[in-house]
There are 2 protein chains.
Amino acid sequence: MAQTPPASSPRTPEVNPPSFGSEAGQAVSGSATPAFSPLYQQIKGLLLQSLQAGEWKPGDLIPSELELAGRFRVSQGTVRKAIDELSADNLLVRRQGKGTFVATHSEQQVQYRFLRLEPDSGNRDGQGPAERQILDFRRLRAPAEIAHRLGLRSGDPVFEVRRVLSFQGTPTILEDLWLPGSPFKGLSLETLANHQGAMYALFERQFGVRMVRADERLKAVAADAESAATLGVAASFPLLSVERVAYTYNDTPMEYRRGLYRTDKHHYHNELS
Amino acid sequence: MAQTPPASSPRTPEVNPPSFGSEAGQAVSGSATPAFSPLYQQIKGLLLQSLQAGEWKPGDLIPSELELAGRFRVSQGTVRKAIDELSADNLLVRRQGKGTFVATHSEQQVQYRFLRLEPDSGNRDGQGPAERQILDFRRLRAPAEIAHRLGLRSGDPVFEVRRVLSFQGTPTILEDLWLPGSPFKGLSLETLANHQGAMYALFERQFGVRMVRADERLKAVAADAESAATLGVAASFPLLSVERVAYTYNDTPMEYRRGLYRTDKHHYHNELS
DNA sequence: GAGTGGTCTAGACCACCTT
DNA sequence: AGGTGGTCTAGACCACTCC
């Protein structure tokens with residue numbers, strides 16, 4: 001920055017100085033709400049904007065810390081702290097010597113980041129990849145509850161997908177999912193059926209929609225006749241019901257999903273801390 | 001530190017210098033394994049030792065960053081980074097202007113940090129505190145599976161507790177839990193029955209055992225006759241089975257727990273990211 | 001060797017809490 | 001006023017990757 005060594009001389013960064021006035025040292029923080037936001041949070045916000053705007057896409061290399069520091073007229077340390085947090089939130093991934101990249105669901109290592117079902121014995125790799133089968137695909141007008149979960153209005157167009165995931169030939173997960181029509185315009189059965197790998201990777205590549213976090217609600221339920229038949233279990237077999245709302249940047253809901261998991265040979269794993 | 005401004009002169013901190021030799025600049029990182037560990041990680045390790053050793057107990061104020069920096073002969077920034085990570089792991093809690101404290105389960109705000117069951121409508125506060133009832137308490141020799149989960153040997157003494165948690169008068173959780181005998185020596189039915197609040201708070205206060213993280217495995221199961229009767233549901237009612245191993249510092253297992261949750265009016269909430 | 005992220009330092013100042 | 005954590009800077013050097 002344009003600043004002489006021995007302290008003093010307040011910064012005048014590009015980012016809007018939050019609490020201290022634009023010039024003349026630090027204001028006594030007026031009268032109303034504090035509303036103080038540190039510089040690195042502002043930088044974080046700016047980086048988030050670029051991510052939301054699609055300026056940098058999943059997998060992309062973003063500018064170096066030094067370049068960003070220059071662009072925002074702050075020190076490298078401040079940019080680092082902003083990136084640290086975005087990286088902790090799984091929005092960015094640092095790679096020493098190479099740079100910082102936009103996180104993606106397309107990497108082998110995080111293929112099933114949101115799928116918490118694991119075989120009771122052995123690890124996930126041991127059972128091979130999941131076999132996917134689309135049972136149904138349609139475009140419809142959102143019923144009240146679906147609309148509510150997706151932050152839409154009743155009647156807004158949505159896509160509905162029903163599919164089964166099998167492990168080693170055993171149908172294990174039956175799920176319905178709903179996607180808002182606009183962001184996924186052009187989604188087709190063919191696209192879904194031809195795609196290999198995690199569904200969220202497809203969403204990124206084809207629609208630029210990156211799922212960032214999700215909320216799940218779990219319950220134990222008895223299988224209804226249809227579900228039981230699809231999953232190959234007896235009627236009223238206990239199943240794990242997993243209801244998920246997945247969000248993209250900005251906490252915008254982008255998917256509502258209802259799954260029924262067989263848990264006789266698998267379990268839902270969760271780490272508490 | 002004793003160090004003149006313009007660079008050079010390698011540090012000679014109290015902590016064992018990891019990869020670069022004790023003197024004469026930076027070694028070319030010999031031949032064998034990298035084994036490089038940054039200073040702040042070493043500091044983190046030292047702080048962890050103090051926590052494990054019980055030098056600072058849950059709720060205690062630990063020395064200030066500046067004092068720790070002096071003690072370890074490193075800069076404040078390095079101590080900060082170590083504390084940052086311990087704080088992110090919920091082992092320490094920073095409070096601006098006051099200091100850094102050892103995290104505890106005894107605070108109101110985190111009373112149910114490990115209990116993910118929530119009412120379907122309304123929040124947790126709306127339903128009032130859980131009513132606890134101890135059904136059984138005994139001291140026994142660990143069967144093979146319990147011993148295995150707790151990292152003990154079959155036949156080692158353990159405590160077994162069976163209890164019910166009710167919300168607004170409705171029995172909702174039935175759980176059995178096992179604790180290793182040695183760390184919990186002196187545990188009695190009276191202690192358990194008289195205690196108000198989260199069980200993990202009791203463990204901290206009475207036994208100095210702090211639960212730091214836990215692994216849970218969830219399944220949907222059908223209620224057996226006894227569980228159904230206790231929880232007031234029909235036989236083979238679907239219940240959420242929650243199996244938990246809780247760990248203290250150092251990843252030492254300190255509790256094995258098997259719970260059966262009614263999920264007709266509650267759900268298990270999980271956030272994915 | 002150049003470029004990137006990663007570590008470490010030293011010092012200034014701010015925000016918050018206590019006395 | 002003095003102490004604590006929180007932010008920000010500037011600069012040095014290290015580890016890693018690629019050319």
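Side chains are part of it too, since the values below use all heavy atoms of this structure and drop only hydrogens, waters and symmetry mates. Every chain is numbered from 1, with letters handed out A, B, ... down the list of sequences. All values reported here derive from a predicted model rather than from experimental measurement.
Contact between the side-chain N/O atoms of B:Thr78 and the OP1/OP2 oxygens of C:dT7 is not found at any separation under 4.0 Å.
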Between protein and nucleotides 2-4 of chain C, what N or O pairs are separated by less than 3.5 Å?
{"from": "C:dG3", "atom 1": "N2", "to": "A:Gly97", "atom 2": "O", "distance (Å)": "3.0"}
{"from": "C:dT4", "atom 1": "O2", "to": "A:Gly97", "atom 2": "N", "distance (Å)": "3.3"}

Counting only pairs under 3.5 Å, give me each side-chain donor-acceptor contact of residues 91-98 of chain B, with atom names and distances, residues two or more places apart or in other chains.
{"from": "B:Arg94", "atom 1": "NH1", "to": "B:Asp84", "atom 2": "OD1", "distance (Å)": "2.4"}
{"from": "B:Arg94", "atom 1": "NH2", "to": "B:Glu65", "atom 2": "OE2", "distance (Å)": "2.2"}

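B:Arg73 places its CZ atom 12 Å from the P atom of C:dT9, with the value rounded to the nearest Å. Per the geometry, NZ belonging to A:Lys44 stands 18 Å off C1' belonging to D:dC8, to the nearest Å. We find that CD of A:Gln42 is positioned 19 Å from P of D:dG6, with the value rounded to whole Å. In this structure, the CD atom of B:Gln41 is 15 Å from the P atom of D:dA15, given to the nearest Å. Nucleotide C:dG6 holds its P atom 10 Å from the CD atom of A:Gln76, rounded to whole Å.
Only A:Lys81, listed by number, bring a heavy atom of residues 79-93 of chain A to less than 4.0 angstrom from any atom of DNA chain D.
The ring pair (Phe, Tyr, Trp, His ring centres under 6.0 Å) search around B:Phe114 returns B:His105, B:Tyr200, not counting sequence neighbours. Listed by chain and number, the residues in a side-chain hydrogen bond (donor to acceptor under 3.5 Å, both in side chains) with B:Glu204 are B:Thr104, B:Arg210 (sequence neighbours excluded). Residues satisfying the side chain to side chain contact (heavy atoms under 4.5 Å, CB included) criterion with A:Gln52, sequence neighbours excluded, are A:Leu48, A:Tyr249, A:Asn250. Every residue two or more places apart in sequence or in another chain that forms a salt bridge (Lys or Arg N to Asp or Glu O under 4.0 Å) with A:Glu85 is listed here: A:Lys44. Partners of A:Phe184 under the ring pair (Phe, Tyr, Trp, His ring centres under 6.0 Å) rule, at least two apart in sequence or in another chain, are A:Phe203, A:Phe207.
Sorted by first and then second residue, the salt bridge (Lys or Arg N to Asp or Glu O under 4.0 Å) pairs with a member in residues 246-257 of chain B read B:Glu175-B:Arg257, B:Arg213-B:Asp251, B:Glu255-B:Arg257; sequence neighbours excluded.
Nearest nucleotide to the A:Arg94 side chain, out of C:dT7, C:dA10, C:dG5: C:dG5.
At a cut-off of 3.5 Å, with distance as the only test, a side-chain donor of A:His266 or A:Gln127 sits close to an acceptor on the other residue.
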